Number of protein chains: 2
Amino acid sequence: MTVRVLLADDEHLIRGALAALLRLEDDLTVVAEAASGPEALAMARAHRPDVAVLDLQMPGADGVSVATSLRRELPDCQVMIVTSHGRPGHLKRALAVGVRGFVPKTVSAQQLAEIIRTVHGGRRYVDQELAADAISAGDSPLTAREAEVLELAADGAPIAEIAERASLSQGTVRNYLSSAVTKTGAENRHAAVRLARERGWV
Amino acid sequence: MTVRVLLADDEHLIRGALAALLRLEDDLTVVAEAASGPEALAMARAHRPDVAVLDLQMPGADGVSVATSLRRELPDCQVMIVTSHGRPGHLKRALAVGVRGFVPKTVSAQQLAEIIRTVHGGRRYVDQELAADAISAGDSPLTAREAEVLELAADGAPIAEIAERASLSQGTVRNYLSSAVTKTGAENRHAAVRLARERGWV
DNA sequence: CGGCACCCATGACAAATGTCAGACGCGTCC
DNA sequence: GGACGCGTCTGACATTTGTCATGGGTGCCG
């Protein structure tokens, strides 16, 4: 009885190579591959894999949102996420939507195969390093609105534009930003955006 | 007569998978692997490969700086760079230091093998898409100092800090930034940093 | 019910930032 | 030699921003 695996990664090179390596394991079968979020979803519906291995960053829809849909539509399919950049926030969001495995791309193929088996067996696997980061980053002190406004400030837009996009008065926006800056301990809102991103608060 | 290849990528999963795929080609031999910039350099010195395949982002030293050293120390070794995020600036910098191939990770393993042969044959290969981006981004209108100050502004630091780090007066910093903001057409320096990054001007 | 936290807003003040004009020295190129 | 671009600086001004006090509205929890 082999484990049926879905592989989703927008980088053809990686996906192909990964598929080749996993095929070497005789208890694993790659039944489908996808290069984007929506495609991953469609493939999953068509092939009903036991385990879905998703890249975090994909065009269309990112790994976490694909995972969300997958958990709802195919509860029997265990989802795990592979990523290059392990931001604590991603891990948190992923676990919240029911992802069972979260690993950086620095693991070896052997380890990955082992983790796929672990996840398929109903257990969970989270990379030590990333877990430690997530814990030390702590919970977000930002309120929903503060985080929202901070995100709108992410591309360096002036207050007026942020206010318009958020449908708030400029004064309110400044209050939220000021509060967010205080909470993050940043020098100004731009640095605050950076810090909040690093800690996974946005 | 086979092509001797050095593979450098900090992601174990990718590197291993890539090595496995390239080994399937009988005219290619992976003679060394490295997980960081300095390690890649050391491996290259020890094994003198015909072609070095470098990831753009690696701990220690990035692909371009490794390529620079490599070109100087081992002129017979052709260098190519593989990357996930193809910023036009990277391509430009890479070509400037003598990199012969620049490809995104979206190519297939087949194509990669073919490109390695191309590069080994002394010809060049640059991804169409990336080349188009680089051309359309145009040349940087920023002076050296403007670019330098813009980089120091990248993390959202206040002017005072930028001035200190650049050993300039605050007034001068503001002048450069103002000029950079005008040239990029941005709303403020933070947006200017973003734009300049996107276009590969920093 | 009485806090309490959050949402939204206003107004006022201080500090940071963006913009502009002008000035000096240094190279390069014609 | 002179024009020109660049780097560097100063000073002044308008604008944007951050901060604070204060207010009212909502909904939740003890």
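For clarity, every value in this text was computed on a predicted model and none was experimentally measured. Labels below follow one simple rule: chain letters A, B, ... track the order of the sequence lines, proteins then strands, and each chain is numbered from 1.
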Query raised in the report: Between A:Lys105 and A:Asp55, is there a salt bridge with N-O shorter than 4.0 Å?
Result: yes
Query - Shortest non-hydrogen contact between B:Arg23 and B:Val30, atoms and distance - result: NH1-O, 3.5 Å
Query raised in the report: Whole-Å distance between C:dA12 P and A:Asn175 CG?
Result: 15 Å
Report task. State whether A:Tyr176 places a side-chain N or O below 4.0 Å from either non-bridging phosphate oxygen (OP1 or OP2) of C:dC6. Result -> no
Report task. Identify whether any heavy atom of B:Arg145 sits under 4.0 Å from a base atom; if not, whether one sits that close to sugar-phosphate; answer base, sugar-phosphate or nothing. Result -> sugar-phosphate
Requested in this report: Please work out if A:Asn188 contacts a base, only the sugar-phosphate, or nothing of the nucleic acid, heavy-atom cut-off 4.0 Å.
Outcome: sugar-phosphate
Query - A:Arg194 and A:Glu198 ion-paired at < 4.0 Å - result: yes
Query raised in the report: Phosphate oxygens OP1/OP2 of C:dC6: is one of them under 4.0 Å from a side-chain N or O of A:Thr143?
Result: no
Query raised in the report: Does A:Ser169 make a side-chain N or O approach to OP1 or OP2 of C:dT10 shorter than 4.0 Å?
Result: yes
Query - Degree of bending in the helix from C:dC1-D:dG30 to C:dC30-D:dG1 once both end axes are built from five pairs, to 10° - result: 30°
Query raised in the report: A:Ala44 and A:Leu74: which non-hydrogen atoms are nearest, and at how many Å?
Result: O-CD2, 3.5 Å
Report task. Side chain of A:Ser178 only, please: which of C:dC7, D:dT19, D:dC9 is the nearest? Result -> D:dT19
Query raised in the report: Do any side-chain nitrogens or oxygens of A:Arg189 fall under 4.0 Å of OP1 or OP2 in D:dG18?
Result: yes
Query raised in the report: Between B:Asp76 and B:Arg48, does at least one N-O distance fall below 4.0 Å, as a salt bridge requires?
Result: no
